[in-house]
Amino acid sequence: MDSPDFIVPPPGLIPSAPPPSEEPDRTVRDAPPRSLPAFPPPPGVRPTVVPGPPPVKGGEALEERVEAPTPTPQPGAWRLRAPGGREVLLLRPVVLGRDPSAEATRPDAAPIPLADPARSVSKTHALVEVVDGRVSVTDLHSTNGTRVLTPDGEARELDPGVASEVAGGSTLLLGEVAVRVDRAPLHTV
């Protein structure tokens, strides 16, 4: 028995087509015009007003024609780049660790587990957040501590429980795991 080159649905699964009616087919051309819903442009985007002859709609002239918003460059969000190519955008506070729990430190923080076969990263190791456009890191009393390696090569140990500002391009050393802090590439909206 030959099988068909396509899947045949069992009988009754797909309803049969309605019988043809005597009415002529209505197409989109025959449909009455509808206005599209108005949506405000996203924050930071201004619509471009194009001057020209006013289009006519329903017998009344419109004053201006608005085209699609012009994209404006937005600065890249802060991000963390962990081993294995994992990237985390810092859109809200995050708690890093082997098996982090945000409830104890910041209930609004997202728990981000880090792979650490050597088990040098504490279960709940550090809090990373953006405050006033700058990255702040707090060591959460981890066993092996948190160090920051700045872009110019300076290394410093963070005091547990104290928030410290970290420059872009720095590397966080959580035990033996390195996490880079930088900006995501610029994009347009």
Residue pair Gly168 / Pro151: nearest heavy atoms and the distance that separates them
O-CG, 3.4 Å
So, for Val137 and Ala126, which heavy atoms are closest and what is the spacing to 0.1 Å?
CG1-CB, 4.4 Å
Of all the heavy-atom pairs spanning Leu127 and Ala109, show the shortest one and how long it is.
CD1-CB, 4.2 Å
Could you tell me which non-hydrogen atom of Val121 sits nearest to which non-hydrogen atom of Gly97, and how far apart they are?
CG1-CA, 3.7 Å
Linked, directly or transitively: Trp78 and Leu114 (ILVMFWY side chains, under 4.5 Å)
yes
Could you report the tightest heavy-atom contact between Ala118 and Glu176, atom names first, then the distance?
CB-OE1, 3.6 Å
Is atom CZ of Arg156 surrounded by more than 12 heavy atoms (other residues, nucleotides or ligands) closer than 6.0 Å?
yes
Is there a side-chain contact (heavy atoms from CB on, under 4.5 Å) between Leu80 and Arg180 once you walk through the steps?
CA-CA 6 Å; Leu80 300 177; Arg180 185 159 171 87; over 6 Å; no
So, for Ala155 and Leu149, which heavy atoms are closest and what is the spacing to 0.1 Å?
CB-CD1, 4.1 Å
Please tell me whether Ile112 and Val148 are part of a single hydrophobic cluster in this structure, the criterion being side-chain heavy atoms less than 4.5 Å apart.
yes
Any side-chain heavy atom of Ser170 within less than 4.5 Å of one from Glu165?
no
ILVMFWY network linking Leu174 to Val94, side-chain heavy atoms under 4.5 angstrom:
yes
Spacing of OG1 belonging to Thr146 relative to CG belonging to Leu172, to within rounding of 0.5 Å
7.5 Å
Atom pair OG/CG of Ser122 and Asp99 - distance to nearest 0.5 Å:
12.0 Å
Roughly how far apart are Thr138 OG1 and His125 NE2, rounded to 0.5 Å?
12.0 Å
Please report the interatomic distance CG(Asp139) to OG(Ser164), rounded to the nearest 0.5 Å.
9.0 Å
Under the salt bridge (charged side-chain N to carboxylate O under 4.0 Å, His left out) criterion, do Asp182 and Arg81 qualify, and how do the steps go?
CA-CA 8 Å; Asp182 63 6; Arg81 292 194 295 164; 3.0 Å; yes
State yes or no: do Leu158 and Val135 share one hydrophobic cluster built from I, L, V, M, F, W and Y residues joined by side-chain heavy-atom distances below 4.5 Å, directly or via other members?
yes
Evaluate the side-chain proximity of Arg86 to Pro113: yes if any heavy-atom separation is below 4.5 Å, no if none is.
yes
Distance-only, no hydrogens or angles: does the Asp116 side chain make a donor-acceptor pair with backbone N or O of Arg98 under 3.5 Å?
no
Say whether, by atom type as modelled, one donor and one acceptor occur between the side chain of Thr124 and the main chain of Ser101 under 3.5 angstrom.
yes
Indicate if Leu173 and Val128 have the same hydrophobic cluster label, given that clusters are the connected sets of ILVMFWY residues with side-chain heavy-atom separations under 4.5 angstrom.
no
